[in-house]
Structure formats: structure tokens, C-alpha cells
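The structure under discussion appears below in the form of C-alpha cells.
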Protein chains: 2
Amino acid sequence: MDEHGACGPHDHAHDGPVAPGPARTADLVARAERLAQDRGLQFTALRRRTLEVVAEEGRPLGAYDIAERLSAPGKRVAAVSVYRALDFLTEHGLVHRIASRNAFVPCEHGHGAGESAVFLICRRCGSVDETISTEIERSLDRTLAQAGFKPASRIVEIEGECEACQGRHEASLPPD
Amino acid sequence: MDEHGACGPHDHAHDGPVAPGPARTADLVARAERLAQDRGLQFTALRRRTLEVVAEEGRPLGAYDIAERLSAPGKRVAAVSVYRALDFLTEHGLVHRIASRNAFVPCEHGHGAGESAVFLICRRCGSVDETISTEIERSLDRTLAQAGFKPASRIVEIEGECEACQGRHEASLPPD
DNA sequence: CCCTGGCTGTTACAGTGTAACGATCTCTGT
DNA sequence: ACAGAGATCGTTACACTGTAACAGCCAGGG
Ligand SMILES: [Zn+2]
Ligand SMILES: [Zn+2]
Ligand SMILES: [Zn+2]
Ligand SMILES: [Zn+2]
């Protein structure tokens, strides 16, 4: 069974690895509200706005970038507040931290705490695609069990060139 | 063929994931000299001393830690120099950067540029074990090919508890 | 009402990494 | 040997990332 449903991950070209924008944002916010309701957590305004900012952007954002976007003239949001909001959001699987970039992306799946993701980071356009592969996970589990290692968290980040950008080799555009 | 030779990765308990110290250091330095010879590179004194410092330590070292160890009273080595040496060493596979720790470890394998490693990072003792799994790599390759993603570099870091530390649960080691 | 616990604002600071410039060294062709 | 090119290194300065500590705020329960 394909995790992506009927549409294979490359049957047709997505113009970005994942659609950013309002649709995905509303989806994530709804998920956050449900989650807060269930677990008795506080999905505060700052946390919601932080999640929205991360979700709107189509690429990983640094904490200071987020702080800047959250700030209005006369109402500055300090980075430390953003870090705290991000701690909350990552802890509950609403955003992910990209260790190799010191940046954050919205979660593109409803995966449980046990499932870990593979991040495909494009050098050219800077986009990040989050995919889940049970095959990779089982390979990892096998290797870990063999080494007697008890895993707590996993980081799998691949840097390279996304499908969309491979067609633009001769075009000398830095789309950034 | 097992990458570890006749000894499986867990047949007997290593007291640390990998033996640090002079033996491994000399091994790595020899490898570096061979490599520099072959590719016409400059294995300078700073690069060699940096490699030695990283190899001697049994755990990941930050760039500033390395700079401190390289500094002598009256002869200070700046962190930026260490970063440049580390760039060289990582570029040629002599040391690896642990993205989730902002730290560096010596390479424990003679793996070629294509082979990527899996790092097992122990929360308790801070040790890092580098292992190679062709199974994981093929799973990854399959997923990447399916997504039309052309990989350039891979990061796989698992944080958890190493085998040695799992036996010390009741021992009163501070969990952090 | 007051107390408690969680969230936020603010400041200060430690840690990580790079840009820029000049000096020095190495290799190479003359 | 000499000059030039390119890589390496020292130095300074700076940007970016992340956390500690403390104070104010706010909701919920006695
Ligand atoms: Zn996710
Ligand atoms: Zn791309
Ligand atoms: Zn290695
Ligand atoms: Zn351990």
C-alpha cells in the first residue's frame, strides 16, 4: 500500500514538493486544535501564529525568521518566545526541525510518534519534502536491534536535488 | 562479507562503541596520508593535529573544543582555522559531522564516498557509533528513486541508549 | 480572594559558523 | 633562481543559533 494513496509520489509533477499556503495551514491548525483538545494542552495564540507562519512558507524557516514575521512595528516577538512555541509544536509533531539547516518545517503527515520521517532537502530550491517509508524504518530497526541500541529519536535528512529542479539544469536560475 | 570482519557487531560487548586512543589515531592518520598522496592534497600540520585531536577523543567534539585542545599558552588556534581543517577532513571522509550535536567524530570505516553511515548517538554516555548498513542504504535509494530525488549527501543519526548503558539503568548515572 | 502552575516578555549570555583581508606557503613554469 | 598563481593560515569582526534567569500575566482551584 502506498502511503501517498492512489497518486504515486511521482506520477505527475508537483510544482513544489508539497503545496504550501492556506490550505495546508488550515489543515495543520485544525489538527493542532484537535490534539490540544484531546490531550488537554493549550494551543495559544503565539503557538498558533507560529504554526501558521511555518506552514505558509514553502521552505524551512529559522527561528529568527519566524520571529521577524511574527513581529509587527511596535510589537516585537523575541526569538526566545518562538523557540518555546517551536518546542511545543515539535514535541507534539506539528512541525519538524531540520537539523542540517537549523530550521523548521510544518509536518506534512499525520504520523504517530513512533513513525519517523525522511526529509528530502533540495539544494537548489530549498524545499523540503517529508516522506514516510516503512521499509526504511524496518531496515533501521533491524540494524538498531542488531547493535543492541535502543532508539529514542531518529533523524534522516537527504540533501540533493528535487525532481522539479532536475529539469532546470541548463536554466541558470537560482530560483531562490 | 561483514564490514566488521569475523567479529559481528554485537558478538561480544565493546566497552565503548569504538576504541578511541592512539591505535585508531595512527590508523586514521595513515589513511589520510595515503589519501593525500593519491589525490595530490595537502595534509598539513594543522589538519593532522585536528584529526588527531578528534580521533583521540572518545566522543564528539565541538569545533571550539578542538581549538582549545590545539591551543598552547602563547600559541592560540582560532576556531575558524579549525573549521577550515574540519571542512577538509569531512570533505575527504576522515571525520564526520554530527548534525544533531554540532560536533565531529573520526570516521570509523574506510567507506567510499558513496557509502553513507548511520550514527548511533548515546544519550547517556555521549558516545557515537558509526555503522554501515547496505540494507538501509538500498531502502533509502529505493525511496529516493521513487520520489525522483537525486541525493548528494545523507544524514542518518539515531539518538538513544547504547548497549553498554542499558545495563546501567539502576546505576545512579545522571541521565544527563 | 489568594495561591499555584503554565505561558509570555525581557535581558543577558553562551555556542556555532562565516565573511573578509592580508600574510605565508607551495607548486609550477620560465 | 625567480616570479606568479593558487592554496593555506592568522586575525578580526560579525551574523546566526540556542538557552538561562527572572519578572509579569493569566486561568483554574482552594
Ligand atoms: Zn511529520
Ligand atoms: Zn528543488
Ligand atoms: Zn565514516
Ligand atoms: Zn552509552
Across the strands shown, which category fits A:R101 at heavy-atom distances under 4.0 angstrom: base, sugar-phosphate, nothing?
-> nothing

Any residue meeting salt bridge (Lys or Arg N to Asp or Glu O under 4.0 Å) with A:R69, in chain and number order, not counting sequence neighbours = A:E57

Note, B:C125 side chain near B:C162 side chain (heavy atom, < 4.5 Å) | yes

Rounded to the nearest angstrom, tell me the gap between atom CZ in A:R48 and atom P in C:dC7.
-> 16 Å

Starting at atom CZ of B:R97, determine the distance to atom C1' of C:dG15, rounded to an integer number of angstrom.
-> 12 Å

Can you give me the N/O atom pairs linking the protein to nucleotides 8-12 of chain D at distances under 3.5 Å, or say none if there are none?
| unit_1 | atom_1 | unit_2 | atom_2 | d |
| --- | --- | --- | --- | --- |
| D:dT8 | OP1 | B:R47 | NH1 | 3.1 |
| D:dT8 | OP1 | B:R47 | NH2 | 3.2 |
| D:dT8 | O5' | B:R47 | NH2 | 3.2 |
| D:dC9 | OP1 | B:T44 | OG1 | 2.4 |
| D:dG10 | OP2 | B:S81 | OG | 2.9 |
| D:dG10 | N7 | B:R84 | NH2 | 2.5 |
| D:dG10 | O6 | B:R84 | NH1 | 3.2 |
| D:dG10 | O6 | B:R84 | NH2 | 3.4 |

What integer distance in Å separates A:I66:CD1 from D:dC16:P?
-> 15 Å

Gap between atoms NE2 and C1', on A:H92 and C:dG6 respectively (whole Å) = 13 Å

Give a yes or no on whether A:E68 atom CD has more than 12 heavy-atom contacts from other residues, nucleotides or ligands under 6.0 Å away.
-> no

Output, in order, the C-alpha distance, side-chain angles, deciding distance and verdict of side-chain hydrogen bond (donor to acceptor under 3.5 Å, both in side chains) for B:T25 and B:E52.
-> CA-CA 6 Å; B:T25 302; B:E52 286 167 355; over 6 Å; no

Please give, in whole Å, the distance from C:dC7 C1' to A:L86 CG?
-> 15 Å

Given D:dC16, is OP1 or OP2 found less than 4.0 Å from the side-chain N or O atoms of A:N102?
-> no

For DNA chain C, determine which residues of residues 151-159 of chain B have any heavy atom closer than 4.0 angstrom to one of its atoms, and list them numerically.
-> none

Sort and list the pairs that fulfil ring pair (Phe, Tyr, Trp, His ring centres under 6.0 Å) and have at least one residue in residues 31-76 of chain B, not counting sequence neighbours.
-> none

Please report, rounded to the nearest Å, how far the P atom of D:dT17 is from the CD atom of A:E68.
-> 11 Å

Does some side-chain heavy atom of B:L70 sit less than 4.5 Å from a side-chain heavy atom of B:L46?
-> yes

Note, A:E56 side chain near A:L61 side chain (heavy atom, < 4.5 Å) | no

With a 4.5 Å limit on heavy-atom distance, are the side chains of A:L41 and A:R47 in contact?
-> no

Within residues 28-38 of chain A, those residues having any heavy atom closer than 4.0 Å to DNA chain D are none

Side-chain contact, heavy-atom cut-off 4.5 Å: B:R97 with B:N102?
-> yes

For the pair made of OH in A:Y64 and P in D:dT19, what is the distance, rounded to whole Å?
-> 10 Å

Among A:V105, A:I158, A:I98, find the residue that satisfies the side-chain contact (heavy atoms from CB on, under 4.5 Å) test when tested with A:I121.
-> A:I98

Scan the side chains in residues 79-96 of chain A for donor-acceptor partners under 3.5 Å anywhere in the protein, sequence neighbours excluded, and list what turns up.
| unit_1 | atom_1 | unit_2 | atom_2 | d |
| --- | --- | --- | --- | --- |
| A:T90 | OG1 | A:L86 | O | 2.9 |
| A:T90 | OG1 | A:D87 | O | 3.0 |
| A:H92 | ND1 | A:F88 | O | 2.9 |
| A:H96 | NE2 | A:H111 | NE2 | 3.1 |
| A:H96 | NE2 | A:E130 | OE2 | 3.1 |

Can a side chain N or O of A:Y83 be found less than 4.0 Å away from OP1 or OP2 on D:dG18?
-> yes

Whole-Å distance separating the CZ atom of A:F43 from the P atom of C:dC7 = 13 Å

